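Note sheet for the following structure.
Note on naming: letters A, B, ... go to the chains in the order of the sequence lines (proteins, then strands), and numbering restarts at 1 for each one. Bear in mind the structure is a predicted one, so any value in this text is a computation, not a measurement.
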Number of protein chains: 2
Amino acid sequence: MAGIKEVAERAGVSTATASRALSGRGHVSPAARERVLSAAKDLGYVMSYAASSLASGRSRTVGVIVPFINSWFFSELLEGITSALMSEGYDLSLYSFDRQGQRQRVLADYLLRKRLDAVVAASLRLDESELKQLLDVGKPIVEIGGLVPGVPSIHLDEHAVARFATEHLIGLGHRQIAHLGGTAETGPDYFPMSTDRREGFYAALRDAECEISPRWDLNADYTVADGYRKVKTLLAGPGPRPTALFCSSDAMAVGAILAARDLGFTVPGDLSVIGIDGNPIGEAVGLTTIAQFPARQGSQAAEILLEHLAAGERPMAPQSVVVETDFIVRSSTAVPASR
Amino acid sequence: MAGIKEVAERAGVSTATASRALSGRGHVSPAARERVLSAAKDLGYVMSYAASSLASGRSRTVGVIVPFINSWFFSELLEGITSALMSEGYDLSLYSFDRQGQRQRVLADYLLRKRLDAVVAASLRLDESELKQLLDVGKPIVEIGGLVPGVPSIHLDEHAVARFATEHLIGLGHRQIAHLGGTAETGPDYFPMSTDRREGFYAALRDAECEISPRWDLNADYTVADGYRKVKTLLAGPGPRPTALFCSSDAMAVGAILAARDLGFTVPGDLSVIGIDGNPIGEAVGLTTIAQFPARQGSQAAEILLEHLAAGERPMAPQSVVVETDFIVRSSTAVPASR
DNA sequence: CTGAAAGCGCTAACAT
DNA sequence: ATGTTAGCGCTTTCAG
């Protein structure tokens with residue numbers, strides 16, 4: 001297998017010039033560059049990343065940490081990050097942990113050493129010392145969907161979005177509105193995702209002086225199945241029923257709609273349902289939702305990092321990007337039936 | 001930042017011994033090992049993977065190639081691969097391509113060079129020359145869900161599974177059975193996923209001498225939304241309706257059930273529906289399905305690779321593992337209504 | 001703009 | 001069991 005030495009020889013230049021021509025760093029005469037490039041092509045030259053990385057300190061690899069992969073949001077996110085990274089020739093190293101000392105190992109070993117040029121962390125909860133470590137090492141990092149002081153982040157305005165969704169229901173005339181949020185924690189490693197949404201929801205309720213009932217505050221694990229279960233229990237139970245339901249995710253909202261239908265209720269006739277996400281799964285049940293385009297968030301995060309890496313070593317400005325959302329009105333929300 | 005040299009010094013041994021103690025390769029006296037390990041801990045030593053990789057030719061990184069990330073099957077797969085890899089301290093490099101020369105670049109640059117120790121390819125269609133390259137380089141590789149001659153693979157017996165599902169419907173008394181398969185291609189890079197399932201379906205139909213109608217042969221893109229659309233068109237259209245429907249994926253089956261319900265049909269009363277996957281999304285609509293546990297497939301693939309890497313360099317035996325499935329009967333299938 | 005040469009930090013013979 | 005030493009293949013000063 002040909003190395004840079006063979007390429008240089010064939011092109012009649014030194015390995016230094018070959019390296020410069022190949023990497024695009026430093027000046028090389030057009031003629032020399034041309035010869036190097038074609039020599040490389042002739043020989044089927046492929047750079048050794050290990051060697052390059054050892055010598056230069058750059059690895060052309062970005063680490064991505066997610067709480068789990070199999071969820072609509074995070075897999076879309078990954079999709080976006082992957083494509084942004086690949087089109088710049090960067091590698092993506094994927095990490096996901098939720099138990100044991102894996103967290104320590106990943107954060108310490110992988111992030112702190114030359115292995116990674118940058119990190120995108122989704123919902124990752126960094127404590128002070130971890131953050132300090134990362135910043136000390138000078139690794140660019142961006143958070144998606146979580147706030148860590150001092151770290152650039154991309155996220156939606158959870159509070160405002162939840163409030164907006166709730167106000168949509170209120171605007172339609174609903175006063176009895178239930179809340180289906182995410183289960184509190186994904187463990188200590190990651191941010192709970194729906195805390196701010198819950199607050200936005202209640203803020204809207206309070207402003208409109210709607211009744212607030214703890215019986216109408218549900219939590220599920222973000223899946224269709226659990227949303228179905230929890231909402232079925234609520235609707236089938238005794239006591240007054242809400243006329244509308246706010247869900248922290250579309251998947252749970254779909255579960256909720258199916259549960260309502262199974263009990264003989266109509267949506268939106270007997271129950272209006274709104275979700276957050278823009279998960280296509282909602283289409284088939286006509287779910288009204290607020291779309292947040294996670295793939296775009298992912299590629300945006302990657303681009304910020306890539307730009308930073310291209311520009312050089314100055315520390316990252318802790319910018320905070322609030323992503324745009326679309327309000328998608330379908331058929332799951334309507335004015336409440338008059339009683 | 002401390003290197004192996006400092007660690008060796010502090011432990012009072014040579015770097016060679018330190019290296020051996022740290023990596024576990026070669027013999028080191030318990031005493032020396034102890035001293036090295038504690039010196040490493042004291043200094044917060046973290047190995048440089050670039051250097052290690054350059055010197056040893058091993059990168060402790062496994063490449064994973066998937067057609068896309070955001071689908072239940074592939075993200076479950078990834079989940080399984082990730083956890084198997086992480087628990088052995090391996091890194092996972094994620095690739096996904098569907099256009100441009102990315103394919104070439106990934107296959108040539110990444111797989112052929114020292115960057116990766118092994119590869120798991122999901123549904124990846126390798127042509128002869130690519131395969132030859134990979135085998136020449138001696139990189140262990142396992143395919144999931146696709147057959148490439150000479151490459152070890154993990155997959156279900158698509159034909160048998162589809163046949164089994166179809167025979168379940170036939171066994172209930174159905175004779176008018178429609179087929180909802182996957183759209184033919186994901187591009188030239190990957191295997192179409194449902195070809196064998198389609199054949200198994202028709203084999204069962206032929207054996208039972210059921211009628212076969214091209215009008216009842218649908219294709220969708222594996223999503224709930226598209227399944228919904230296609231089935232709604234079928235059921236709302238003129239002409240005889242099937243009494244049962246076989247779907248190549250649970251997501252499409254869910255779409256089908258929702259479409260049927262929206263048209264006022266009951267499932268399974270007017271239409272029995274069966275899927276393949278074991279996607280939890282089917283739970284909420286009572287979908288009968290054949291579960292295939294992709295996460296398990298992923299970790300199995302990773303374990304095969306890891307074992308091979310641990311054992312040394314002999315070429316991989318092109319074993320072919322057929323994964324187990326579970327038949328999960330819920331409420332979407334029943335005997336046809338007598339007409 | 002180009003070349004010579006000194007490493008990057010670790011591993012693996014080889015020798016002891 | 002341990003130490004010595006020669007690289008792994010590339011990048012990057014530093015001279016020219």
Side-chain angles (χ1 to χ4, degrees), chain A residues 1-37 39-40 43-61 89 109 112-117 137 309 312-313, chain B residues 1-37 39-40 43-61 89 109-110 112-117 137 312-313:
Chain A
M1 224 166 229
I4 202 174
K5 210 163 153 182
E6 285 73 45
V7 173
E9 237 162 52
R10 190 176 229 265
V13 298
S14 68
T15 59
T17 301
S19 172
R20 287 190 275 254
L22 257 9
S23 70
R25 310 186 143 241
H27 286 195
V28 183
S29 73
R33 154 177 282 98
E34 197 45 56
R35 272 178 294 132
V36 171
L37 260 28
L43 296 171
Y45 169 74
V46 183
M47 179 181 65
S48 157
Y49 286 87
S52 168
S53 171
L54 176 59
S56 71
R58 285 171 257 109
S59 64
R60 291 197 78 79
T61 298
D109 294 21
L112 261 33
R113 271 309 221 197
K114 299 219 162 143
R115 196 148 215 189
L116 265 24
D117 287 349
V137 177
L309 289 173
E313 291 306 310
Chain B
M1 221 164 231
I4 202 173
K5 209 163 155 184
E6 284 74 45
V7 173
E9 238 163 52
R10 189 176 231 265
V13 298
S14 69
T15 60
T17 300
S19 172
R20 286 189 277 253
L22 258 9
S23 70
R25 311 188 143 239
H27 288 195
V28 183
S29 71
R33 154 176 283 99
E34 199 43 57
R35 271 179 293 133
V36 170
L37 261 28
L43 296 171
Y45 169 74
V46 182
M47 179 181 63
S48 157
Y49 287 90
S52 169
S53 170
L54 177 58
S56 71
R58 286 171 258 107
S59 64
R60 290 197 80 77
T61 298
D109 294 20
Y110 297 68
L112 262 33
R113 271 308 218 198
K114 300 220 165 142
R115 197 148 215 191
L116 264 24
D117 287 348
V137 177
E313 290 306 312

Could you pull out the closest heavy-atom pair between B/E6 and B/G3, with the gap in Å?
-> OE1-N, 2.6 Å
What side-chain donor-acceptor pairs closer than 3.5 Å can you find for residues 10-18 of chain B, not counting sequence neighbours?
| unit_1 | atom_1 | unit_2 | atom_2 | d |
| --- | --- | --- | --- | --- |
| B/R10 | NH1 | B/D42 | OD2 | 2.7 |
| B/S14 | OG | B/A16 | N | 3.4 |
| B/S14 | OG | B/T17 | N | 3.3 |
| B/S14 | OG | B/T17 | OG1 | 3.4 |

Close side-chain approach of B/V7 to B/M47, heavy-atom, < 4.5 Å = no
At their closest point, which heavy atom of B/T61 faces which heavy atom of B/R115, and how far apart are they?
-> CB-O, 3.8 Å
Examine C/dT11: is either OP1 or OP2 under 4.0 Å from a nitrogen or oxygen in the side chain of B/S19? Give yes or no.
-> yes
Could you list the donor-acceptor pairs under 3.5 angstrom formed by side chains in residues 19-32 of chain B, with sequence neighbours left out?
| unit_1 | atom_1 | unit_2 | atom_2 | d |
| --- | --- | --- | --- | --- |
| B/S23 | OG | B/S19 | O | 3.0 |
| B/S23 | OG | B/R25 | N | 3.2 |
| B/S29 | OG | B/A32 | N | 3.2 |

Any donor and acceptor pair, going by atom type alone, linking the side chain of A/S59 with main-chain N or O of A/S53 inside 3.5 Å?
-> no
Taking OH from B/Y49 and P from C/dC10, how many angstroms apart are they, rounded to a whole number?
-> 11 Å
Enumerate the residues from residues 21-35 of chain B whose closest heavy atom to DNA chain C is under 4.0 Å, giving them by residue number; use none for an empty result.
-> none
Which pairs count as salt bridge (charged side-chain N to carboxylate O under 4.0 Å, His left out) when at least one residue sits in residues 27-36 of chain A, sequence neighbours excluded?
-> none
Short side-chain N/O contact from B/S52 to OP1 or OP2 of C/dT11, under 4.0 Å | yes
What distance do B/S48 atom OG and B/L54 atom CG have between them, rounded to the nearest 0.5 Å?
-> 9.0 Å
Are there any protein N/O atoms within less than 3.5 Å of an N/O atom in nucleotides 13-15 of chain C, and if so, which ones and at what distance?
none

Interatomic distance where CD1 belongs to B/I4 and P belongs to D/dG7 [whole Å] | 20 Å
note: B/E9, atom CD; D/dG3, atom P; distance rounded to Å ~ 13 Å
Length of the line joining A/L54:CG and C/dG9:C1', which is rounded to integer Å | 6 Å
Report yes if a side-chain nitrogen or oxygen of B/R58 is closer than 4.0 Å to either non-bridging phosphate oxygen (OP1 or OP2) of C/dA12; otherwise report no.
-> yes
Which angle, to the nearest 10 degrees, lies between the helix axes at the two ends of the helix from C/dC1-D/dG16 to C/dT16-D/dA1, each defined by five pairs?
-> 20°
Starting at atom NZ of A/K5, determine the distance to atom C1' of D/dT11, rounded to an integer number of angstrom.
-> 15 Å
Under-4.0 Å side-chain N/O to phosphate OP1/OP2 contact, B/S48 with C/dG9 | no
Between D/dG3, D/dT5, C/dG9, which one does the side chain of B/S14 approach most closely?
-> D/dG3
Taking only N and O in the side chain of B/T17, is any of them less than 4.0 Å away from OP1 or OP2 of D/dG3?
-> yes
